[in-house]
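Start at 1 with the first residue, then count along the sequence.
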Amino acid sequence: MANLTLYSVSATLILDTDGNRILAKYYKPPHGAPSTSTRAFNNLKEQRAFEKGLFDKTKKAGGDVILYDTYLVTYRHSLDLIFYFLAPPTENELMVSAGLQAFFDATQLLLRHSVEKRTMLENLDLVLLCLDETVDDGIILETDPATIAGRVSRPKADTTDIVLNEQTLLYAYNRVKEGVQQRISAAL
């Protein structure tokens, strides 16, 4: 019987069209989890070398699932970004692809359909929260983009802004003054 595990994602990457890293999260299963046949990246230099090779393999728009260097890679091109989910080669590619699609669609909702490098860097906090709501320590938590975006989105600002200027302050002062005068005259 195969070792069943919830740890299905080994890494999440977002690279720009020049191969530069925008976002990267590498996950390791906790101690005691079954080992996978993928190699571990021990330092930043190995990660960058892997990302460069992966980018060279996937920089042209085309497929969405490949096997690369002992990883099952699902990826999605945007305007000037490429989104990646990496998984062990024995993982179900449909599940990993559904996780990537949910993350991409939720990001698209949060960034108001402007998934490009500049917008992503300006809203990196929302994108990271979106990723954390989609994948936690390599476990795909949610695949509904609307739910993910709803958990991440900022609360709407109060649309009934109170404008304080000299007239409103003077009006409030006069109302209080009149009230005090009425109470004093009623008490006498």
Side-chain angles (χ1 to χ4, degrees), residues 5-30 38 41 43-44 46-48 50-55 57-66 68 71-88 91-162:
T5 179
L6 292 174
Y7 299 96
S8 56
V9 178
S10 301
T12 301
L13 305 170
I14 300 177
L15 304 178
D16 66 6
T17 52
D18 297 327
N20 299 319
R21 176 192 286 192
I22 303 296
L23 182 146
K25 273 190 132 177
Y26 288 86
Y27 307 106
K28 287 184 181 178
T38 57
F41 299 106
N43 57 34
L44 183 63
E46 290 178 4
Q47 291 175 1
R48 296 281 180 152
F50 176 80
E51 291 167 13
K52 182 183 180 327
L54 180 62
F55 172 74
K57 183 91 171 171
T58 60
K59 63 185 168 187
K60 292 189 168 88
D64 57 353
V65 177
I66 63 167
Y68 177 75
Y71 283 97
L72 172 72
V73 180
T74 60
Y75 62 100
R76 168 107 193 235
H77 284 265
S78 182
L79 293 174
D80 56 353
L81 297 171
I82 308 172
F83 290 71
Y84 298 94
F85 269 24
L86 282 65
E91 194 58 56
N92 183 344
E93 61 267 8
L94 293 176
M95 185 172 72
V96 177
S97 182
L100 174 65
Q101 187 65 41
F103 173 59
F104 180 82
D105 290 345
T107 303
Q108 197 172 30
L109 287 171
L110 289 169
L111 300 181
R112 294 179 182 88
H113 300 286
S114 178
V115 182
E116 56 187 25
K117 182 178 178 179
R118 183 184 57 81
T119 310
M120 180 158 301
L121 289 174
E122 289 172 354
N123 297 291
L124 193 58
D125 57 340
L126 289 177
V127 175
L128 285 169
L129 285 172
C130 182
L131 178 59
D132 288 341
E133 287 294 329
T134 307
V135 179
D136 185 32
D137 277 338
I139 300 171
I140 297 175
L141 298 176
E142 184 66 59
T143 57
D144 181 27
T147 304
I148 296 167
R151 289 180 184 162
V152 171
S153 63
R154 296 181 180 127
K156 298 206 185 273
D158 190 11
T159 57
T160 59
D161 292 333
I162 299 173

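For the residue pair I66 and K57, the shortest heavy atom distance occurs at CD1-CG, 3.8 Å. When every heavy atom of T12 is checked against every heavy atom of L131, the shortest pair comes out as CG2-CD1, 3.5 Å. Contact detail for I148 and E142: the closest heavy-atom pair is CG1-CG, 3.5 Å. Nearest heavy atoms, M120 versus T107: CE-CG2, 3.9 Å. Considering all non-hydrogen atoms of both residues, D80 and E116 come closest at OD1-CA, 3.2 Å. Nearest heavy-atom pair, V65 versus Y75, reported as atom, atom and distance to 0.1 Å: N-CE2, 4.3 Å.
Put simply, the side chain of S78 gets close to the backbone of V115: a donor and an acceptor are under 3.5 Å apart. Judged by distance alone, with hydrogens and angles left aside, the side-chain atoms of N43 form a donor-acceptor pair with the main-chain N or O of E46 at under 3.5 Å. For the pair D18 (side chain) and N20 (backbone), a donor-acceptor distance under 3.5 Å is absent.
Distance check: L72 CG to E91 CD gives 8.0 Å after rounding to the nearest 0.5 Å. One distance of note links CZ of F50 with CG of L86; it measures 4.5 Å at 0.5 Å rounding. Atoms CG and CZ, from L141 and R151 in turn, are 8.0 Å apart once rounded to the nearest 0.5 Å. Between L129 atom CG and T134 atom OG1 the span is 10.5 Å, to the nearest 0.5 Å. The CD1 atom of I140 sits 13.5 Å away from atom OH of Y7, with the distance rounded to the nearest 0.5 Å. Note that the OG1 atom of T17 and the CG atom of L81 stand 7.5 Å from one another [nearest 0.5 Å].
By the 4.5 Å heavy-atom criterion applied to side chains, Q101 and D64 are not counted as neighbours. V135 is listed as a side-chain neighbour of Y27, based on a closest heavy-atom distance under 4.5 Å. Contact annotation: the side chain of R21 approaches that of L44 to within less than 4.5 Å [non-hydrogen atoms, C-beta and beyond]. Between F83 and T74, the closest side-chain pair of non-hydrogen atoms is not below 4.5 Å. F85 is not listed as a side-chain neighbour of S8, based on a closest heavy-atom distance of 4.5 Å or more. Between H77 and I82 there is a side-chain heavy-atom pair separated by less than 4.5 Å. Residues F103 and V127 form a side-chain contact, since some pair of their non-hydrogen atoms from C-beta on lies under 4.5 Å apart. Residues E51 and F55 are not in side-chain contact: their nearest non-hydrogen atoms beyond the backbone lie 4.5 Å or more apart.
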Start with the C-alpha distance between R76 and D105, add both sets of side-chain angles, then the distance that settles side-chain contact (heavy atoms from CB on, under 4.5 Å), and finish with yes or no. CA-CA 11 Å; R76 168 107 193 235; D105 290 345; 4.2 Å; yes

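Results of the side-chain contact (heavy atoms from CB on, under 4.5 Å) test with L23 over L15, L13, L128 single out L128 as the only residue that passes.
The pair K25-D132 counts as a salt bridge, with a side-chain nitrogen and a carboxylate oxygen less than 4.0 angstrom apart.
Judged purely by distance below 3.5 Å, without hydrogens or angles, the side chains of T58 and Y84 pair a donor atom with an acceptor atom.
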